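As C-alpha cells, the structure follows; a few thoughts come after it.
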Amino acid sequence: EQLFVGDQVLRVVASSEEQIALLRALGEQVELQVDFWRDPTKPGRPADLRVPFSRLQAVKIFLESHGISYSIMIEDVQQLLDEEKRTMMLSRRMER
Amino acid sequence: RANQFNFASYHTLEEIYDWMDTLVADHPNLVSKIQIGESYEKRPLYVLKFSTGGSNRPAVWLDTGIHSREWVTQATGVWTANKLAEDYGHDPTVTSLLDTVDIFFEIVTNPDGYAFTHSSNRLWRKTRSINAGSSCIGVDPNRNWDAGFGDAGSSSNPCSETYHGPYAHSESEVKSIVDFIKSHGNVKALISIHSYSQMLMFPYGYKRTPAPDHEELNELAKKAVSDLAAVYGTKYTYGSIADTIYLAAGTTVDWAYENGVKYSYTFELRDTGRYGFLLPSSQIIPTATETWPALLDILVHVQQHPY
C-alpha cells in the first residue's frame, strides 16, 4: 500500500500567464513528483498540487523564488486517508 | 432493500456491484444490468439500464468515476441511480422522462482504477493497463477518446497523469463505451461526471472554436448551475471546456459531440471545502442532492428537444 505520510497539498494561485506556464513546467519535472489535483488554468484561479514530503522543500523554494503565492490546503494527506478509512470501517460495522 | 445501503458512505467495487443487483431486484420492471465489456484486468463493465419499454428509444448516457480517485462521483452515481428508480411512478417529471427516454448509467467506469484506490493507492486516477517500454502504469481514460487525440492538454509520457495512451480507444474501458453508443445509435445526450472543481462544461475541449450548438448548450448549462446553486448555494462555473479550464484533447464529451450526441456535458462536482479528492463522506448526499436538479434540467431538456 502506498502511504502519503507528510505529503501536502498546496493551493497555488498564479497571478499571470507566465506563472501558469511556470507551474506547468513544474509539473513536467518528473523528479519532483508533483501531482496536480486541480490544474493551473487562469490567473487568479487556484491550482492544487500534491507534493511528496521528500520534495516539499524544493517545490516551496521554486514557488517562492518565482513569487507564486500558495497556502497549505492539506497539511498531511495520510491523516485524511486514515480518517477516511476509519469512517468506512465504522459505516460497515453499523450496516452489519 | 436497496435503501438498506448506506448512501452516505464510500463503498468498495464489490459493494457497489452487489448493490446494483439489489436495485435491479427491487425494480425489475424499470432497471436491468447489462455488461458492455471487460476492463483491462478483466473486471466486468456494468451499466444500469433504466427503461420502461419500447425498442431503441432515445437514450441518455451517464457515467461516473472514469477517474477512479474522484470517489464522490461513484458515490453520487449510486445515489442518483437510486433516486431515478425510487422517483419513477412517484415524481411526475421522472416518470414522464422514463416513459419516453432510456437512461444508461455506468457507475464505476474505471473499475480497475477504483479497486486499486481501495487496495493500494487511494489517489490513483488512470486505468491499470501496462505501457510497453515504460515502468509506469495506466492511461488517462479522459484523454483516450478519438477527438483531437494526442493534442494539447494531454501527455505522451506514460508516467504523466494525463497520458493519452498509445492510440485512441486503446483502453477497453473507453472502447466499450464507444462500441456501445455507436451500436445503440440513438443516444441523444451524454453526461460524464468528475470532481472536484465545481464546473459544468460542454464541447469543445480540444479546440477553441465554439461548437455549432454553443448557444443552446451554454443557456442550458446556465440554468442547470443556477438550479444547482439554489439547493445549498454551491457556485459552479460553466462554459466550453477550452474556455472554462484549458485546451484538453481526447475527452469523452468531445468524442460524443463529434459523433452526433448534441447534449454532451461534463460535470466537475464539489469540493466546497479544502479536501479535494478526499472529500468526507458526510458530503456525499449534499453533493448528490444539489447535483440532481441540474442533471434533471439537462435530462428534461433532452426529452423536450428531440432531434
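The shown structure was predicted, so the numbers you read here are calculated from the model rather than taken from an experiment. The figures that follow rest on heavy atoms only: side chains count, while hydrogens, waters and symmetry mates do not. Below, chain A is the first sequence line, B the second, and so on; all start at residue 1.
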Turns out that what part of B/Ser281 lies under 4.5 Å from chain A's heavy atoms comes down to side chain

Please state whether the rings of A/Trp37 and B/Phe277 are parallel, tilted or perpendicular, taking 30° and 60° as the class boundaries. tilted

Any non-hydrogen side-chain atom of A/Phe36 less than 4.5 Å from a side-chain atom of B/Glu161?
no

Bottom line for A/Phe4: the part with an atom under 4.5 Å from chain B's heavy atoms is side chain

Rounded to the nearest 0.5 Å, the CG atom of B/Leu279 sits from the CD atom of A/Glu84 at a distance of 9.0 Å

Given side chains that start at C-beta, do those of A/Arg92 and B/Thr12 come closer than 4.5 Å, heavy atoms only? yes

Under 4.5 Å to a heavy atom of chain B? For A/Ile20 that would be neither

In terms of heavy-atom pairs under 4.5 Å with chain B, the winner among A/Thr87, A/Val9, A/Asp39, A/Leu3 is A/Asp39

OG (A/Ser91) and CZ (B/Phe7) are apart, to the nearest 0.5 Å, by 11.5 Å

- A/Leu81 versus B/Leu278: any side-chain heavy-atom pair under 4.5 Å? yes

Assert top hit (heavy-atom pairs under 4.5 Å, partner chain B, pool A/Glu1, A/Glu28, A/Arg38, A/Arg24) equals A/Arg38

Item to complete: Check the surroundings of atom OH in B/Tyr275: do more than 12 heavy atoms from other residues, nucleotides or ligands lie under 6.0 Å from it?
Response: no

Can you confirm whether B/Lys222 is buried at NZ, in the sense that more than 12 heavy atoms of other residues, nucleotides or ligands lie under 6.0 Å from that atom?
no

Could you tell me whether A/Phe53 atom CZ has more than 12 heavy atoms of other residues or ligands within 6.0 Å of it? no

Among residues 113-131 of chain B, those lying within the under-4.5 Å heavy-atom range of chain A are B/His118, B/Ser119, B/Ser120, B/Asn121, B/Arg122, B/Leu123

If you count every heavy atom of other residues, nucleotides or ligands that lies below 6.0 Å from A/Gln57 atom CD, does the total exceed 12?
no

* Asked: Is there a side-chain contact between A/Ile74 and B/Arg274 (heavy atoms, below 4.5 Å)?
  -> no

Problem - Residues, nucleotides or ligands: over 12 heavy atoms within 6.0 Å of A/Gln33 CD - result: yes

When the 4.5 angstrom heavy-atom criterion is applied to A/Pro40 and chain B, the contacting part is backbone

Q | Worked verdict on A/Asp35 versus B/Arg69 for side chain to side chain contact (heavy atoms under 4.5 Å, CB included) | A | CA-CA 13 Å; A/Asp35 174 16; B/Arg69 65 188 178 183; 2.8 Å; yes

*B/Tyr196 side chain near A/Asp48 side chain, heavy-atom distance below 4.5 Å*: yes

Salt-bridged, B/Asp243 to A/Lys42, with N to O below 4.0 Å?
-> no

Okay, A/Val30 and chain B: the region with an atom under 4.5 Å from a heavy atom over there is side chain

Looking only at heavy atoms, the pair that brings A/Met73 and B/Asp271 closest together is CE-OD2, 4.2 Å

